[in-house]
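Each residue takes its place number in the sequence, starting with 1. Note that ligands are numbered from 1 as they come in the structure, with each ligand's atoms numbered from 1 the same way.
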Amino acid sequence: MTTKVDALGRIKAIVGERGWVADSAALEPYLAETRGLFRGAAAVVVRPGSTEEAARVVRACADAGVAMVPQGGNTGLSGGAVSPAGSVIISLARLNRIRDVDPLTYTMTVEAGCILADLQAAATQHDRLFPLSLAAEGSCQIGGNLATNAGGTAVLRYGNARDLVLGLEVVLPDGQVWDGLRRLRKDNTGYDLKNLFMGSEGTLGLITAAVLKLFPRPLDSATALVAVRDVYAAAELLARARGETGDAVSTFELMNRTCLDMVLKHVPGTVDPLAERHAQYVLIQLTTPRTDAGLTSALEDCLARAAEAGIVRDAAIAQSDAQAKAFWRLREAVSDVQKYEGGSIKHDVAVPISRISEFIDHATRRVEAELPGIRVCAFGHVGDGNVHFNLSQPIGMDTPAYLAQWGRFNQIVHDIAADMDGSFSAEHGIGRLKLGEMMHYKSPVELELMRTLKRALDPRNLMNPGKVVPFGGETMHH
Ligand SMILES: Cc1cc2nc3c(=O)[nH]c(=O)nc-3n(C[C@H](O)[C@H](O)[C@H](O)COP(=O)(O)OP(=O)(O)OC[C@H]3O[C@@H](n4cnc5c(N)ncnc54)[C@H](O)[C@@H]3O)c2cc1C
């Protein structure tokens with residue numbers, strides 16, 4: 001067993017000056033947290049340049065009992081990459097090579113530090129699609145995406161991050177490397193280990209590389225911003241659109257008028273594409289790798305029929321790529337603009353798709369009754385049964401007084417989701433933020449299973465401690 005001081009010297013020797021950050025200004029981006037709810041306290045960031053270096057760093061930390069916090073783009077929304085005092089942040093940013101693209105197998109083997117948008121571009125260069133897409137794609141890393149099992153706007157068609165992976169390379173908490181970089185569609189040789197690490201938010205190991213699935217590149221697309229009668233009509237429109245367009249719906253995103261108003265107010269250059277105000281909007285996108293599908297007319301016909309049925313109130317169908325991008329901008333800006341409207345209490349809820357409208361309706365009435373003037377900013381991936389049910393403070397209310405009610409509103413909203421067999425964290429994970437919810441809503445059996453896995457892989461609790469799963473000794477409520 002080496003001491004902590006020895007370990008830091010050893011790690012510095014492994015990664016060299018380029019891989020060592022200890023200056024306070026340079027540390028800042030690694031310690032800040034996206035939502036400003038937490039702040040990291042690590043004194044050192046280590047940036048290994050290869051899997052082998054990463055493994056040696058982990059072994060040095062393990063030998064000295066130093067806690068490690070894996071970090072990708074640091075865009076996570078649950079405080080998973082927040083570093084406790086005395087820990088070392090291991091940043092994957094320098095592991096950013098695309099090791100291989102295999103267009104025939106429809107795969108790409110990439111290192112964990114690759115920026116998501118760069119991988120989308122690399123796939124396009126090979127006439128393929130890598131479909132994972134989310135508003136943080138310009139800075140989040142694929143390792144972080146897999147560690148959080150990210151969702152985003154293409155889940156409806158292509159699945160979550162974990163569905164897009166065939167193989168993984170992982171540095172285990174003791175410094176061993178598991179090379180599971182297989183490109184196989186079929187491989188029933190024992191337990192599916194890769195799925196243990198995806199969604200584990202860095203608590204079981206350091207993902208260093210992955211084999212990703214690619215898809216045929218879409219050659220035709222149609223995009224519309226649609227005003228629907230209400231949230232129930234949104235669910236009806238999705239079911240119809242899937243049936244009437246040959247299942248070409250790849251994105252189906254909801255946002256209410258409160259969200260749109262915030263975007264129009266705070267994002268220069270944005271305009272409302274429709275003449276009148278409506279309560280609920282859907283951004284719908286159809287895509288296909290075919291060139292003869294006529295998606296724009298299929299979408300027009302579908303929306304016209306839905307309008308006759310009273311489901312759709314109005315719609316703008318994009319006439320150019322620029323217009324489609326402008327519609328997307330309205331949706332993507334929603335995550336960011338809420339911060340200009342004072343305190344926001346956030347929820348990332350999933351319920352069965354058939355109940356998503358009922359959830360939004362019921363939860364909206366409930367929180368409005370609890371606090372008149374509260375502004376429900378409900379948006380997100382309703383095509384997956386997932387809504388970001390965010391609550392902006394009443395105009396003029398004192399922000400700290402509003403945010404002091406965070407726990408109370410969480411419980412109201414999460415209880416409604418739980419009653420509908422839903423989840424309190426659809427795609428943002430647990431991190432530090434939702435540990436309490438984890439203890440409250442997960443059954444003792446499920447929690448104990450998770451702890452058993454954590455203890456088996458990381459018996460000394462050195463890999464991202466204090467995240468996702470209570471390690472032991474904590475009181476469990478249920
Ligand atoms: C504007 C905005 C929009 C967003 N939209 C979405 C969305 O639509 N869908 C969605 O799912 N998320 C969304 N997010 C959340 C976030 O972008 C994702 O969770 C993303 O996948 C995190 O990637 P990252 O590289 O930034 O990871 P980080 O924030 O650095 O880390 C996240 C977690 O993963 C762990 N981790 C990171 N890299 C590794 C690794 N290589 N090995 C092991 N563990 C690792 C960390 O320890 C931490 O627990 C959004 C965030 C923002 C700011």
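Not counting sequence neighbours, F130 has no partner by the ring-ring contact (aromatic ring centres under 6.0 Å, His included) test.
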Go through it in stages, so that I can follow the logic: the residues are E448 and R451, the test is salt bridge (charged side-chain N to carboxylate O under 4.0 Å, His left out), and I'd like the CA-CA distance, side-chain angles, deciding distance and then a yes or no.
CA-CA 5 Å; E448 195 45 41; R451 284 211 304 212; 3.0 Å; yes

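By the criterion of a heavy-atom distance under 4.0 Å, both the backbone and the side chain of N145 are placed next to ligand 1. Residue contacts with ligand 1 for N464 involve side-chain atoms from C-beta outward but no N, CA, C or O (heavy atoms, distance under 4.0 Å). Counting heavy atoms closer than 4.0 Å to ligand 1, residue H428 contributes side-chain atoms (C-beta onward) but none from N, CA, C or O.
At a 3.5 angstrom cut-off on N or O pairs, I207 counts as close to ligand 1. Residue-to-ligand polar distances place N74 within reach of ligand 1: an N/O pair is separated by less than 3.5 Å. Considering both main-chain and side-chain atoms, G80 comes within under 3.5 Å of ligand 1 through a nitrogen or oxygen pair.
For the pair E332 and ligand 1, no heavy-atom separation below 4.0 Å is found. Look at V69 and you'll find every heavy atom at least 4.0 Å from all atoms of ligand 1.
Annotation: side chain to side chain donor-acceptor pair (under 3.5 Å) contacts involving residues 201-214, sequence neighbours excluded, comprise E169-T208.
Other residues, nucleotides and ligands contribute over 12 non-hydrogen atoms within 6.0 Å of the CG atom of D23.
The existence of a salt bridge linking R183 and D100 is confirmed by a sub-4.0 Å separation between a basic side-chain nitrogen and an acidic carboxylate oxygen.
Heavy-atom contacts of G202 reach the following atoms of ligand 1: 43 (C), 44 (N) (cutoff under 4.0 Å).
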